[in-house]
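Here's the structure we're looking at; comments come further down.
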Amino acid sequence: MKRTHTCGQLRADHIDNTVTLCGWVQNQRDHGGVIFIDLRDREGLTQITFDPDICGADIHAIADRMRSEWVIQITGAVRSRGDNANKKMATGAIEVYVTSLEVLNKSETPPFEVDEHSKVGEEIRLKHRFLDLRRPSVQRQTITRHKITKIVRDYFDDEGFLDIETPILCKSTPEGARDYLVPSRVHPGEFYALPQSPQLFKQLLMMAGYDRYMQIAKCFRDEDLRADRQPEFTQIDIEMSFVDMDDVMQTAEGMVRKVWKDLLNVEVGEIPHMDYATAMLLYGSDKPDLRFDMKIVELTDWAPTSGFVVFAGAVENGGVCRALNAKGAAKDISRRQLDALTEFAKDFGAKGLAWIKIGDNGEWQGPAAKNITEEARIALGERMGVENGDLLFFGADTEKTVCNVLGNLRVELGVNRLGLTKSGQWEFLWLHSAPMFEYDEDERRYNSVHHPFTAPYPEELEKMETDPANVRSLSYDMVLNGVEMGGGSIRIHQPDVQARVFKALGISDEEAEEKFGFLLDALKYGAPPHGGLAFGLDRLVMLILELDSIRDIIAFPKTQKARDLMSDAPNLVDEKQLKELSIISSAPPRS
RNA sequence: GGCCUGGUAGCUCAGUUGGUUAGAGCGCCGGCCUGUCACGCCGGAGGUCGAGAGUUCAAGUCUCUUCCAGGUCGCCA
């Protein structure tokens with residue numbers, strides 16, 4: 001070994017020991033005589049001291065020329081810093097008086113300073129990610145991710161799960177997200193797809209009798225990126241046989257409890273359950289943020305009596321009328337902000353945003369206020385618990401639009417405008433029993449809300465053909481602070497049920513056979529009842545570290561245009577490579 | 001694909017109503033300094049104002065096109 005200790009290790013106990021350290025030069029403080037250097041590795045910083053009387057003129061001369069990010073090895077005696085101790089440093093009680101030095105590698109001046117306090121834009125960080133990853137905060141985040149995967153693996157191992165790898169080169173199925181395709185050289189014109197998730201393989205492992213499976217699996221989806229969406233991401237993927245919904249939820253919950261306990265020493269209690277219908281009604285969302293209250297209030301029965309044609313008309317056309325009461329927010333939200341919120345609401349499909357401010361004197365203000373009869377106003381006041389200083393927002397439209405608008409408005413108000421959330425809040429929720437199907441207006445057919453292998457409530461099976469929109473699934477999502485962190489379901493294990501689901505989705509027998517024949521086959525040979533779940537590992541790590549983007553906890557992430565700024569992937573390839581793969585590009589030539 | 005924000009020195013940013021030679025802090029280079037710790041002091045170098053076109057006597061600044069980064073809607077079974 002080239003070193004006896006790391007740069008985060010030495011304490012007063014080590015005084016008078018002779019040690020050898022390796023690391024990067026964080027900075028150099030040259031006092032003309034004595035030179036101080038902070039030496040950095042992933043464990044910390046240690047001050048090393050070059051005193052010409054101790055290290056000699058030759059070593060001192062090299063230290064004089066030493067610059068940031070040089071990699072050096074030094075040997076010397078650990079000394080107390082006495083009154084000069086630095087209380088801000090873990091190793092601040094000591095310093096190492098250098099007696100021997102080897103420069104392992106010099107460094108050019110880095111494009112940005114590798115330290116905590118200097119602000120650097122994300123673009124430049126990603127371009128030189130190998131330098132960015134040296135920064136202590138980024139290293140802490142990367143190490144936390146390792147710790148989490150270690151806890152997760154240990155937990156599932158203790159619970160009897162087997163870690164089994166599934167293929168990366170898979171069969172393409174045009175359902176769901178867009179696939180990343182990989183051309184086959186030996187089968188000209190044919191393609192593999194990278195997995196969107198190991199869904200079918202883990203089900204097949206249950207059918208193969210492996211009972212409890214887990215994998216930390218890379219997944220790929222060729223869709224547009226977001227702060228919490230990368231084209232390649234990682235799932236904590238599990239599947240279990242002979243279980244019902246509660247069994248899977250309990251097992252997954254145990255993992256979360258262990259991660260939060262071991263990492264943050266936070267006790268996550270029993271995670272509450274809420275069904276999909278309730279969530280949509282009260283929070284307008286399938287991932288409610290429970291860090292603050294502000295529930296949506298149903299006013300559909302009140303709207304026709306309100307005297308306001310916009311509210312009454314929406315209900316008359318088969319829509320709903322609902323509202324939010326932002327308690328005490330009248331003074332916090334200016335007229336200008338109300339205009340911005342109206343634009344915000346329009347982004348989610350609203351035609352406008354009716355609001356009412358209740359002044360401190362009890363006066364009702366705002367365009368909607370004038371249109372409401374005195375009688376309706378009293379009824380509304382009681383229904384919504386209105387007090388002076390409150391601010392009401394209304395949604396009157398189709399149920400889908402009202403949920404979308406008020407659900408998003410609620411989060412915008414609570415999180416961004418009123419600051420009702422705070423650091424260190426962990427509001428977990430199991431959201432269960434989502435509908436099996438959702439009608440697609442454009443394609444005029446039903447789509448799966450989860451995926452086509454999700455099992456329906458057995459007692460609702462009979463409605464599959466007559467009323468598919470009202471069949472609920474044995475599904476569950478884990479939501480944390482308004483972010484979907486994981487989701488899963490009990491799967492279909494009976495061939496006839498699977499056939500009926502395909503039929504409801506408008507997938508013909510031939511098509512089902514072509515795409516999923518292997519699964520349908522396996523169902524015929526004694527498939528056990530089974531179910532599972534997948535967590536988004538990136539999101540979990542992001543949330544636990546209270547970061548805003550999963551790019552921060554992925555070592556080499558991609559930009560919004562799915563490019564790796566460091567390696568410059570994707571790139572053009574040789575004609576020869578394309579020819580071998582029987583591919584002709586139709587992209588316009590580059591200038 | 002739509003909308004919004006940004007792109008000026010190596011980095012982070014300022015730059016007024018279109019008007020002289022485009023500035024600051026940090027970093028970098030040189031010098032001084034034996035107890036600093038984001039050391040200090042003195043001096044210096046460093047610019048395709050993302051790219052292209054246009055308007056104008058004159059463009060970092062106005063207009064159009066385009067590229068890049070971020071946010072968001074659509075999209076993400």
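Labels below follow one simple rule: chain letters A, B, ... track the order of the sequence lines, proteins then strands, and each chain is numbered from 1.
For A:Arg472 and A:Tyr457, the positive end sits near the middle of the six-membered ring, less than 6.0 Å away and at most 45° from its axis.
The partner of B:C3 is B:G71, judged by Watson-Crick or G-U wobble contacts that both fall below 3.5 Å. For B:G25, the paired base is B:C11 (Watson-Crick or G-U wobble, both distances below 3.5 Å). Nucleotide B:U16 is matched to nothing when pairs are restricted to Watson-Crick or G-U wobble geometry with both distances under 3.5 angstrom.
Taking atom CD of residue A:Glu123 and atom P of nucleotide B:C11, one finds them 10 Å apart after rounding to whole Å. For A:Asp224 and B:C73, the CG to C1' distance is 11 Å, given to the nearest whole Å. In this structure, the CD atom of A:Gln47 is 13 Å from the C1' atom of B:A38, given to the nearest Å.
One finds a side-chain N or O of A:Arg29 lying less than 4.0 angstrom from the OP1 or OP2 phosphate oxygen of B:C39. The phosphate of B:G71 has OP1 or OP2 within less than 4.0 Å of a side-chain N or O from A:Arg551.
Counting distance only, with no hydrogens placed and no angle test, the side-chain atoms of A:Arg81 and the base atoms of B:U36 include a donor-acceptor pair under 3.5 Å. Within 3.5 Å, no donor on the side chain of A:Arg65 pairs with an acceptor on the base of B:G30, nor the reverse. A donor and an acceptor atom sit less than 3.5 Å apart, one in the side chain of A:Arg229 and one in the base of B:C75.
No side-chain donor from either of A:Gln47 and A:Thr91 sits under 3.5 Å from a side-chain acceptor of the other.
Both geometric conditions, a ring-centre gap below 5.5 Å and a plane tilt below 30°, are fulfilled for A:Phe36 over the base of B:U36.
Using a 4.0 Å heavy-atom cutoff across all strands shown, A:Asp115 reaches no nucleic acid atom at all. Contact annotation for A:Glu343: no contact, since no heavy-atom pair falls under 4.0 Å across all strands.
A salt bridge between A:Arg229 and A:Asp224 is absent, with no side-chain N of the basic residue lying under 4.0 Å from a carboxylate O of the acidic one. Note on A:Lys106 versus A:Glu69: no salt bridge recorded, every NZ/NE/NH1/NH2 to OD/OE distance being 4.0 Å or above.
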